[in-house]
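A note on names: the letters A, B, ... follow the listed sequences, proteins ahead of strands, and every chain is numbered from 1. Only heavy atoms go into these numbers, but all of them, side chains included; no hydrogens, no water, no symmetry mates.
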Protein chains: 2
Amino acid sequence: MKTEIEVFREFLAQKGMRLTPEREAVLVEVFAEHDHFDIDELFMRLRQKGQRISRASIYRTLPLLVESGLVNEVYFEEGHLHYEHIYGHEHHCHLRCLGCRQIVEFRDDGVEEAEKRIGQAKGFETTGHKLEIYGYCPQCQGKKK
Amino acid sequence: MKTEIEVFREFLAQKGMRLTPEREAVLVEVFAEHDHFDIDELFMRLRQKGQRISRASIYRTLPLLVESGLVNEVYFEEGHLHYEHIYGHEHHCHLRCLGCRQIVEFRDDGVEEAEKRIGQAKGFETTGHKLEIYGYCPQCQGKKK
DNA sequence: ATGCAACTGAGACTCTATCTCATATTATCC
DNA sequence: GGATAATATGAGATAGAGTCTCAGTTGCAT
């Protein structure tokens with residue numbers, strides 16, 4: 001399997017763009033931790049590691065990572081988008097606890113089939129899906145407001 | 001079935017809040033058209049119908065409608081949230097064309113079952129879900145960039 | 001009618017995200 | 001290697017969504 005950097009470099013080249021040190025630093029940091037993140041977090045993490053990079057560059061780089069398929073927008077909350085890296089990981093969806101806000105990842109073949117089935121029914125050629133299930137985790141059951 | 005207004009009034013009463021003329025106007029307008037909308041659109045529609053209402057009141061009212069279960073956040077795009085009214089409609093999900101941006105609603109029992117199945121597997125008591133499927137509609141197939 | 005809590009509107013403010021532009025970097029061609 | 005052109009960056013300005021403040025208003029309960 002190609003490394004993330006190779007994938008990104010090829011994606012950029014195909015658009016006549018370069019893999020600059022800034023873009024590479026963002027990419028590396030995005031894959032450094034397996035967790036959801038937002039842009040400000042990413043900026044802080046890069047700063048703490050001594051990277052000199054502007055917010056503007058991060059804001060410019062993330063849509064490229066999404067477009068290249070390396071990263072996913074996960075959800076919009078607290079007024080901004082949250083992301084996750086997906087390259088090298090099996091596709092998964094999210095179960096969100098309405099009590100403690102924790103997020104559990106899961107994979108389910110039925111959902112993959114549903115994508116195909118519904119696409120066919122409507123004449124769509126599908127490319128992917130995003131499923132979020134809401135509820136209460138074992139610890140939060142009974143505590144519902 | 002209760003009317004939307006009754007549902008909203010009860011929801012508000014239970015929180016010690018009132019159903020004011022402004023809140024009612026927002027509610028009525030939200031249910032006046034079956035389509036996705038954003039807050040600015042709603043503001044314009046209310047204005048055109050001669051309603052004097054401030055943006056602040058609309059921003060304050062919509063989260064209440066969502067909390068009461070009458071309205072749903074559908075997606076975040078173009079820098080802001082989009083909503084739909086759901087009370088009195090069967091639960092449905094969305095198929096989105098990546099070419100022309102059109103949105104097709106669908107309902108699928110398999111997805112409902114998946115919610116239950118996955119909730120059980122993870123010990124969650126589920127309350128709902130949101131599924132978006134991405135792809136290309138019949139007209140846009142072949143036009144992919 | 002009076003008092004009180006809830007509510008509204010206008011505008012100030014905050015915060016996310018984008019844009020501008022001068023400067024810097026990189027690739028390419030000679 | 002040096003010149004040139006295309007691409008990229010950073011800093012700060014700007015735009016726009018959404019929230020907050022506060023003075024004045026409304027509506028309910030007694």
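- Ring-plane geometry between B:H82 and B:Y75 is classed as parallel, the angle between the planes falling under 30 degrees on a 0 to 90 degree scale with a further cut at 60.
- Between A:Y59 and C:dT18 there is no side-chain polar atom (N or O) within less than 4.0 angstrom of OP1 or OP2.
- Per the geometry, NZ belonging to A:K15 stands 12 Å off P belonging to D:dT7, to the nearest Å.
- Summarising the geometry, the separation between CZ on A:R23 and P on C:dA24 is reported as 19 Å, rounded to the nearest angstrom.
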*asked:* For nucleotides 9-15 of chain C, give me one character per nucleotide, 5' to 3': B if any protein heavy atom sits under 4.0 Å from the base, S if the only such contacts are to the sugar-phosphate, - if neither.
replied: B------
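- In this structure, the CZ atom of A:F43 is 11 Å from the C1' atom of D:dA11, given to the nearest Å.
- Between A:R9 atom CZ and D:dA8 atom P the separation is 14 Å, expressed in whole Å.
- Hydrophobic clustering (side-chain heavy atoms under 4.5 Å, transitive across Ile, Leu, Val, Met, Phe, Trp, Tyr) keeps B:I86 apart from B:L65.
- A salt bridge is defined here as a Lys NZ or Arg NE, NH1 or NH2 lying under 4.0 Å from an Asp or Glu carboxylate O, and B:E78 with B:R101 fails to meet this definition.
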Would you tabulate the nitrogen or oxygen pairs shorter than 3.5 Å linking the protein to nucleotides 25-29 of chain D?
none

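- Residues A:H92 and A:E84 bring a donor and an acceptor atom of their side chains to less than 3.5 Å of each other.
- In this structure, the separation between CD1 on B:I103 and CG on B:L95 is 9.5 Å, given to the nearest 0.5 Å.
- Taking the side-chain hydrogen bond (donor to acceptor under 3.5 Å, both in side chains) definition, one finds that B:H91 meets it with B:H129, sequence neighbours left out.
- Taking the charged nitrogens against the carboxylate oxygens, B:E22 and B:R52 have no contact shorter than 4.0 Å, which rules out a salt bridge.
- To the nearest angstrom, P of C:dT8 lies 10 Å from CG of B:L12.
- Screening residues 4-13 of chain A for side-chain hydrogen bond (donor to acceptor under 3.5 Å, both in side chains), with sequence neighbours left out, gives A:K2-A:E10.
- Within the structure, ring-ring contact (aromatic ring centres under 6.0 Å, His included) pairs that include any residue of residues 5-33 of chain A comprise A:F31-A:H85 (at least two apart or interchain).
- For B:E73 and B:K130, the salt-bridge test fails: no basic side-chain N is under 4.0 Å from an acidic carboxylate O.
- Each end of the helix from C:dA1-D:dT30 to C:dC30-D:dG1 gets its own axis, taken as the rotation carrying the C1' atoms of four end pairs onto the next four within a five-pair window, and the two axes meet at 20° to the nearest 10 degrees.
- Atom CD in B:E77 sits roughly 16 Å away from atom C1' in C:dA17 (whole-Å rounding).
- Residue B:L19 contributes atom CG, which lies 15 Å from atom C1' of C:dT8 at whole-angstrom precision.
- Distance B:F76 CZ to D:dA17 P: 10 Å, rounded to the nearest Å.
- Cation-pi check for B:R55 over B:F43 is met; the charged atom lies under 6.0 angstrom from the ring centroid and within 45 degrees of its normal.
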